[in-house]
Trainee: 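Structure incoming, see below.
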Amino acid sequence: MSGTSPLRAWWAHRPPAAGAAVMATGILSIGLRLTGHDLLSRLALLVTAVAWIALAADFVVRLARDRARWLADAGTPGALTAVAATTVLGTRVSVAGWQSLAAALLALSGLLWPVLLVRVVRHVRPRMPGAVFLCCVATEGLAVLGATLARADAVAWLAHTALVFFWLGLLLYLFALSRFDLRQIATGAGDHWVAGGALAISALAGTKLLAADDAGLYLWNGDDTDVLRTVTGALLVLDLAWYVVLLIAELLWRRPGYDVRRWSTVFPLGMTAVATLSVAPALDVPWLKGPGQVLLWIAVAAWLAVAAGALTTARAALASRGWGPARSTGPR
């Protein structure tokens, strides 16, 4: 009998895209904090941190013990969830006031970003699934975390660097859009929602850059601020347009059953809610707060549904490998 436990064997088959679960949980923690649900936010933060540590450990172990598989996985868009998840966790940690830890997470994600992005871009081909938009998400995640820390620590150069990543992320969005297979809107298994989620995190980055200027850094002149405000508002409108299109597509082309890529649906739902809640004060549009709260609870419901599917699927997989209720307990 093999010495590998069923639990370890099941975990070994986890695809890189599973990192979207950390992203989804982390962004819900931020949204719950924005709406005053501090206890739920802290619980979500705890889950995010534990999941991130587990995935980070797995990342290191695979790099050390199975370099061939690590290199193969690193060439897929899902690998960029390592960067995006780290920036989402870092942003939530910064909001909690732990700036040193947030800075460490920014440094880590900044080191991972060029290594993974170059490998992913080199493997991008026409007619890609929605995960290709993670090129934009990971880059904008650095902009969000950088701008958040710039405001918290009043560091001007960090805000200017975040601005560079903001514009670069938008260029990468256009690149991803040119490679995206639009048929995924009807056939995608969940990650097609990142087409909208990438715009949502870009809008959030815009609000963070505007907020950084409020820290007395005098970062942008009047024209710069007007451009940021206009682009941020336009990004949210485009994101909401994607939201409507993708929601209609879900109703027209049903996709029942659990798929790990459904975490890449929850993340855009949560990110759209957080972007809407953040744009409301940044652009002085207070009526957006109500829709933002509705979108947040839709995302929470989606998280619960996907989490239930993940647990059911994991339990069935473990049982099929001889570990769990389905395992025979009789004599051999």
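Numbers here are sequence positions counted from 1.
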Trainee: Indicate whether any N or O donor in one side chain lies under 3.5 Å from an N or O acceptor in the other, for R92 and S41.
Mentor: yes

Trainee: Is V83 linked to L171 within one hydrophobic cluster, defined over Ile, Leu, Val, Met, Phe, Trp and Tyr using a side-chain heavy-atom separation of less than 4.5 Å?
Mentor: no

Trainee: Atom CH2 of residue position W98 - does it have more than 12 heavy atoms of other residues, nucleotides or ligands inside 6.0 Å?
Mentor: no

Trainee: So how far is it from I30 CD1 to L89 CG, rounded to the nearest 0.5 Å?
Mentor: 9.0 Å

Trainee: Could you check whether any side-chain heavy atom of L170 comes within less than 4.5 Å of a side-chain heavy atom of L235, counting everything from C-beta outward?
Mentor: yes

Trainee: Could you list the cluster mates of W253? Members are the ILVMFWY residues connected by side-chain heavy atoms closer than 4.5 Å, either directly or through other members.
Mentor: V244, I248, L252

Trainee: Please determine whether residues L142 and V231 belong to a single hydrophobic cluster, defined as Ile, Leu, Val, Met, Phe, Trp and Tyr linked transitively by side-chain heavy-atom distances below 4.5 Å.
Mentor: yes

Trainee: Parallel, tilted or perpendicular: which fits the ring planes of H37 and W297, with parallel below 30° and perpendicular above 60°?
Mentor: perpendicular

Trainee: Under 3.5 Å, is there a donor-acceptor pair between the R261 and S264 side chains?
Mentor: no

Trainee: Report yes or no: do L174 and W242 belong to one cluster of Ile/Leu/Val/Met/Phe/Trp/Tyr joined by side chain heavy-atom distances under 4.5 Å?
Mentor: no

Trainee: Testing L172, T139, L145, L209 for side chain to side chain contact (heavy atoms under 4.5 Å, CB included) with F165, which one passes?
Mentor: T139

Trainee: Distance check, rounded to the nearest 0.5 Å: I201 atom CD1 versus T87 atom OG1?
Mentor: 5.5 Å

